[in-house]
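Following: one structure in structure tokens, then a few remarks.
Labels below follow one simple rule: chain letters A, B, ... track the order of the sequence lines, proteins then strands, and each chain is numbered from 1. What you see is a predicted model, and the numbers here were worked out from it, not measured in a lab.
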There are 2 protein chains.
Amino acid sequence: MGTRQRRLRELAEREQRFLDAAREQITEHGLLSLHMAKVARACDYATGTLYQHFASKEDLLLAICADQAEERMAVMARAAQWQTGSRERMIALAVADMLFAIRHPDHFRLFQYASTEVIWHAASPSRRDNVLEAHRPLGDMVAQVVQDGLDSGDLPPQNMSPHAVALGPWALTEGMHNLVNAEGVLDFYALHDPYRLLLRHLHLQLNGMQWQPLFDPLDDVALTRQISHICASLFDDLCPEGTGHRYCSPTEDRTP
Amino acid sequence: MGTRQRRLRELAEREQRFLDAAREQITEHGLLSLHMAKVARACDYATGTLYQHFASKEDLLLAICADQAEERMAVMARAAQWQTGSRERMIALAVADMLFAIRHPDHFRLFQYASTEVIWHAASPSRRDNVLEAHRPLGDMVAQVVQDGLDSGDLPPQNMSPHAVALGPWALTEGMHNLVNAEGVLDFYALHDPYRLLLRHLHLQLNGMQWQPLFDPLDDVALTRQISHICASLFDDLCPEGTGHRYCSPTEDRTP
DNA sequence: CTCAGCTTATGAACCCCGTTCATACTCACC
DNA sequence: GGTGAGTATGAACGGGGTTCATAAGCTGAG
């Protein structure tokens with residue numbers, strides 16, 4: 001029955017248009033100015049129609065999250081793809097996510113906001129599952145890196161499951177994103193270039209897990225080279241329109 | 001002029017009563033059910049009066065944060081107080097914060113929610129400064145531990161400022177709290193007792209910074225003993241009414 | 001005691017949304 | 001053409017944050 005299939009396709013297309021419109025509004029005017037009526041109007045629909053797709057505003061927010069997660073994962077996967085050792089791949093994952101957070105601050109803020117208890121529990125359960133499912137690759141990718149390292153003898157066994165080991169770098173990265181995002185904190189402590197700091201700490205952390213060191217984590221030049229190397233493979237993804245973009249710390253512009 | 005002073009005192013007292021009422025409502029009915037009208041009514045005031053103290057709902061939320069921060073800091077300070085080495089003090093800070101998050105989940109969720117872009121920027125600037133100021137001890141405590149360690153020769157120099165070094169353990173702890181709070185994530189990866197995992201990773205991280213190890217981070221028994229030791233000095237703070245409370249991982253109850 | 005002047009409290013009214021629902025429309029199928 | 005399931009509409013509803021004109025209380029002076 002071709003009619004039914006067409007219907008479904010149209011439904012999915014419309015949903016995507018709603019999501020895009022919502023995303024655009026967030027990018028343009030901030031999370032605070034996301035209104036259901038405006039999203040519907042932007043797609044030339046009445047407000048009620050929106051509620052055939054999303055049970056509530058929170059539901060819409062989480063839908064956007066699930067939608068954006070795909071892109072986030074893709075960027076990370078691509079960054080890790082070109083690295084050889086387990087350690088390099090782990091670092092690449094963190095750098096990619098960090099770049100994503102820098103380049104798409106609104107999306108990243110949305111991730112934080114939506115994973116808040118208030119929003120999370122106001123959405124429908126199925127939508128929550130969607131978000132979790134969409135984010136599954138994140139944890140799996142990190143754990144896979146550990147697993148591959150163990151298999152190839154690249155890493156020493158830790159008596160911990162790959163996922164448990166993976167939680168360390170993952171938490172460190174998330175936490176640093178948080179601190180960076182919490183405006184004021186970094187200025188408070190006069191910490192410039194927090195993302196380079198993240199990389200340094202990540203290296204130190206891997207050292208602690210006795211992953212063989214590539215170079216001294218305190219070697220600033222080597223660190224920069226590594227970041228640039230990873231970034232080079234990512235800028236097409238992250239800056240489609242940009243030409244000649246290079247790694248530039250978010251605070252670098254501020255210093256005269 | 002005694003009148004003026006009395007006025008100010010009354011003002012402060014009333015503000016505190018508002019804050020307490022709001023906190024109670026959050027504890028009782030969750031963040032979603034915090035309504036300005038109800039807070040005012042709980043203190044036998046009209047709604048409008050609330051707006052003489054707090055410019056908006058977000059302002060009130062941030063005020064609660066600043067208020068609660070004091071308690072959070074106090075618990076951490078107390079935990080670190082009884083430890084001798086730099087490494088133990090650093091661990092104690094993390095454990096204390098972790099316990100605070102477990103024992104006061106609502107407060108902790110509020111911290112997360114309020115540091116969200118949406119809430120943060122809807123509050124008044126002076127209130128935001130309040131929150132930052134109230135949280136300053138957090139970063140300073142962590143950095144102080146590093147500084148003391150360096151001064152006493154307890155720690156090797158890292159070519160990094162104490163605050164920069166401190167950001168590592170700090171971010172790791174925050175990040176782990178986040179992941180734990182993001183419901184579903186841990187079940188997804190079958191990770192039980194995430195807080196013990198935090199401790200393990202913290203030890204591994206300190207290893208990486210070449211802080212001399214106390215024991216093998218993978219030694220589960222030693223880890224538990226250390227956690228219990230730190231907790232013992234904290235339960236009076238965290239469970240005023242509780243008698244005979246002991247450390248118990250949040251997931252321990254679930255397993256039959 | 002009394003009046004002026006300032007501070008604070010009041011709660012009804014305002015307004016902005018998110019959400020719902022009865023109605024009308026569309027269109028594939030008989 | 002008739003039928004019914006699916007879909008769109010937009011006015012109306014309701015909750016709740018915010019404001020404001022008014023009233024009440026308090027202080028200090030005369």
Quick check for you: among [options], whose closest atom lies nearest to any side-chain atom of [X]?
X: B/Tyr45; options: C/dT10, D/dG17, C/dT20; answer: C/dT10
X: A/Thr49; options: D/dA8, C/dG18, C/dT19; answer: D/dA8
X: B/Leu11; options: C/dT19, C/dT8, D/dG10; answer: C/dT8
X: A/Arg14; options: D/dT7, D/dT18, C/dT10; answer: D/dT7
X: A/Tyr51; options: C/dA9, C/dT20, D/dT7; answer: C/dT20

Taking [atom1] from [X] and [atom2] from [N], how many angstroms apart are they, rounded to a whole number?
X: A/Glu10; N: D/dG6; atom1: CD; atom2: P; answer: 15 Å
X: B/Phe54; N: D/dT19; atom1: CZ; atom2: C1'; answer: 18 Å
X: B/Asp59; N: D/dT19; atom1: CG; atom2: P; answer: 12 Å
X: B/Lys57; N: D/dG15; atom1: NZ; atom2: P; answer: 15 Å
X: A/Arg41; N: D/dA8; atom1: CZ; atom2: P; answer: 17 Å
X: B/Asp44; N: C/dT10; atom1: CG; atom2: P; answer: 9 Å
X: B/Leu60; N: D/dG16; atom1: CG; atom2: P; answer: 16 Å
X: B/Gln25; N: D/dG17; atom1: CD; atom2: C1'; answer: 14 Å

NA contact type, A/Leu34, heavy-atom cut-off 4.0 Å: base, sugar-phosphate, or nothing? sugar-phosphate
Give one of base, sugar-phosphate or nothing for A/Ser56, where a contact means two heavy atoms less than 4.0 Å apart. sugar-phosphate
Does the ring of A/Phe111 carry A/Arg72 above it, NZ/CZ under 6.0 angstrom from centre and within 45° of its axis? yes
Does A/Glu24, at its CD atom, have more than 12 non-hydrogen atoms belonging to other residues, nucleotides or ligands within less than 6.0 Å? no
Heavy atoms from other residues, nucleotides or ligands near CD of B/Gln16 exceed 12 (cutoff 6.0 Å): yes
Output yes when at least one side-chain N/O atom of B/His35 is less than 4.0 Å from OP1 or OP2 of D/dG17, else no. yes
Take A/Lys38 and A/Ala55, find for each the nucleotide of DNA chain C with the closest heavy atom, and name the residue whose nucleotide sits nearer the 5' end. A/Lys38
A/Asp129: partners by salt bridge (charged side-chain N to carboxylate O under 4.0 Å, His left out), with sequence neighbours left out: none
Tell me the closest heavy-atom pair linking B/Leu34 and B/Leu60, and the distance in Å. CD2-CD2, 4.5 Å
